Amino acid sequence: MNFPLMPDQASNFARPYDALFFVLTALTILFTILVGALVLFFAVRYRKGSRVDRSGAVESHLGLEITWTAIPLLLGLVMFWWAAKLYVETRQPPKDAMEVFVIGKQWMWHLQHSNGVRENNELHVPVGVPVRLTMISQDVIHSFFVPQFRIKQDVLPGRYTQQWFVASKPGKFNLFCAEYCGTQHSEMGGYIYAMPPQEFQKWLASGGDKKRPNQPTMADLGKALYDRLACANCHGPQDTERGPSLYGLYGAKRRMTDGTVVEADASYIRESIKNPYAKINESYQNTMPEYRELTEEDLLNLLAYIRTLGTAKAPGPVLGNAGPAQIGGANR
Ligand code: HEC
Ligand SMILES: [Cu+2]
């Protein structure tokens with residue numbers, strides 16, 4: 001459908017969202033007209049002084065009551081189920097989605113591909129491939145809005161948010177910030193370029209628009225930072241008295257000193273580095289230095305590196321003693 005009032009439909013979400021939007025709008029209009037017309041009709045017909053038959057007024061009518069309760073209820077439930085299903089889908093990126101990292105700052109979008117290619121206010125993506133965005137703000141709240149994709153997600157300071165999509169056709173689409181974020185908010189935007197997959201692969205391998213191939217990947221940059229900041233002094237392949245091993249940390253469960261169990265997802269790992277005293281691993285004290293000066297980009301690179309440390313514990317003897325009193329973070 002190419003209704004001129006609507007932006008182009010260019011992602012997997014566009015058609016289902018528009019369908020829902022049109023049905024909701026149509027239902028609203030239908031009921032507004034129905035109720036409005038009846039109100040008008042009866043107001044005019046039974047106005048004061050009009051000569052109409054007023055005998056046999058109906059006091060109650062079970063059939064009518066049930067009808068006008070059941071029909072809207074059913075319609076409401078259908079709309080709820082339909083919208084909730086779509087909403088849940090937008091929250092569940094496919095596991096094999098291509099990853100892109102987004103940093104919002106006053107007043108630009110900074111985008112980073114895992115292989116190290118970076119872009120400003122432009123994002124190149126392949127058509128037909130699910131893309132997952134992990135997003136964070138370096139200052140205030142922004143919102144990542146691509147009207148032609150029908151996606152909009154707030155980008156917050158201090159916490160990662162996610163969004164995913166599949167671009168459904170090649171083209172150049174608008175990227176806006178949809179959360180007022182200061183004087184130059186209106187200029188905080190750019191473009192998304194959806195390219196045929198092979199073309200995209202070539203573009204990515206050749207180092208993006210700046211044509212800088214073989215740049216260090218995000219994980220390489222993270223590793224360099226990890227070495228420079230001497231994280232390995234306390235975090236080795238095994239748990240030690242100095243610190244828990246970060247091998248297999250990503251996605252694992254950790255118990256904190258207050259008894260809560262948290263999943264070591266991107267946000268947890270970020271917080272553990274930037275603000276280590278927020279949550280303390282139950283087997284340790286807060287001896288880790290705070291790395292408050294790290295930028296969001298540094299943190300994303302560190303995260304990329306920590307994720308490469310695998311999903312299993314490193315082989316070899318575990319320091320400390322085994323069993324319930326085992327020192328370590330891997331208390332699943
Ligand atoms: C002086 C020792 C020390 C250094 C240096 C250190 N850490 Fe830690 N780290 C710890 C300790 C102790 C804990 C567990 C206590 C806590 O949760 O804060 C920890 C926890 C963590 C956690 C959470 C792990 C878990 O199992 O919950 C991450 C992630 C982490 N550190 C990353 C880093 C990174 C990245 C660096 C380098 C920038 C670093 N650490 C430097 C001692 C250290
Ligand atoms: Cu903004």
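Order of appearance sets the numbers: ligands from 1, and atoms from 1 within every ligand. Just so we're clear, the structure is a prediction, and the values are computed from it rather than from any experiment.
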Looking at Y87, is R91 sitting on its ring face, NZ or CZ under 6.0 Å from the six-membered ring centre and within 45 degrees of the normal?
yes
In this structure, the Cu ion (ligand 2) sits at the vertex of an angle between ND1 of H142 and SG of C181 that rounds to 10° as 100°
Which bit of C231 gets closer than 4.0 Å to ligand 1, counting heavy atoms only: side chain, backbone, both or neither?
both
Strictly below 4.0 Å, N to O, side chains only: are E99 and R307 in salt-bridge contact?
yes
Compute the centroid of each ring, for H113 and then for W203, and state whether the two points are separated by less than 6.0 Å.
yes
May I ask you to check whether over 12 heavy atoms, not counting those of Y191, lie within 6.0 Å of atom OH?
no
So for Y291 against ligand 1, with non-hydrogen atoms under 4.0 Å, the contacting part is side chain
Show the atoms of ligand 1 that are less than 4.0 angstrom away from any heavy atom in I273.
32 (C), 35 (C)
Between the side chains of N12 and S168, does any donor sit under 3.5 Å from an acceptor?
no
Mind telling me whether H185 and Y180 have parallel, tilted or perpendicular rings, with 30° and 60° as the class edges?
perpendicular
If you measure only the distance, is there a donor-acceptor pair under 3.5 Å linking the side chains of S55 and D53?
yes
Answer yes or no for H185: is there an N/O/S atom below the 2.8 Å cut-off from the Cu ion (ligand 2)?
no
With heavy atoms under 4.0 Å as the rule, classify the contact between L246 and ligand 1 as side chain, backbone, both or neither.
side chain
Atom 8 (Fe) of ligand 1 to S272: any N/O/S contact under 2.8 Å?
no
Contacting atoms of ligand 1, where contact means under 4.0 angstrom from a heavy atom of C234:
1 (C), 2 (C), 3 (C), 4 (C), 5 (C), 42 (C), 43 (C)
Under 4.5 Å between any side-chain heavy atoms of P157 and D139, yes or no?
no
In terms of atom number and element, which parts of ligand 1 are under 4.0 angstrom from non-hydrogen atoms of R254?
25 (C), 26 (O), 27 (O)
So the atoms of ligand 1 within less than 4.0 Å of a heavy atom of N281 turn out to be 14 (C), 16 (C), 17 (O), 25 (C), 26 (O), 27 (O)
Check whether any heavy atom of N233 sits under 4.0 Å from an atom of ligand 1.
no
Geometric N/O contact Y268 with ligand 1, under 3.5 angstrom:
yes
Hydrogens and angles aside, do H142 and Q106 bring a side-chain donor and acceptor to less than 3.5 Å of each other?
no
Non-hydrogen atom of K279 closer than 4.0 Å to ligand 1:
yes
Considering only heavy atoms, does P289 approach ligand 1 within less than 4.0 Å through its side chain, its backbone, both, or neither?
side chain
Quick check: does M188 have an N/O/S atom under 2.8 Å of the Cu ion (ligand 2)?
yes
For F145 and F176, take the angle between the two ring planes, folded into 0 to 90°, and tell me which bin it lands in: parallel under 30, tilted 30 to 60, perpendicular over 60.
tilted
Using distance alone, decide if ligand 1 has a nitrogen or oxygen within less than 3.5 Å of any nitrogen or oxygen in H235.
yes
Please classify the L249 to ligand 1 contact at 4.0 Å (heavy-atom distances, strictly less than): side chain, backbone, both or neither.
side chain
With the threshold set at 4.0 Å, does a side-chain nitrogen-carboxylate oxygen contact exist between E271 and R159?
no
Out of P276, G222, S245, whose heavy atom sits nearest atom 18 (O) of ligand 1?
P276
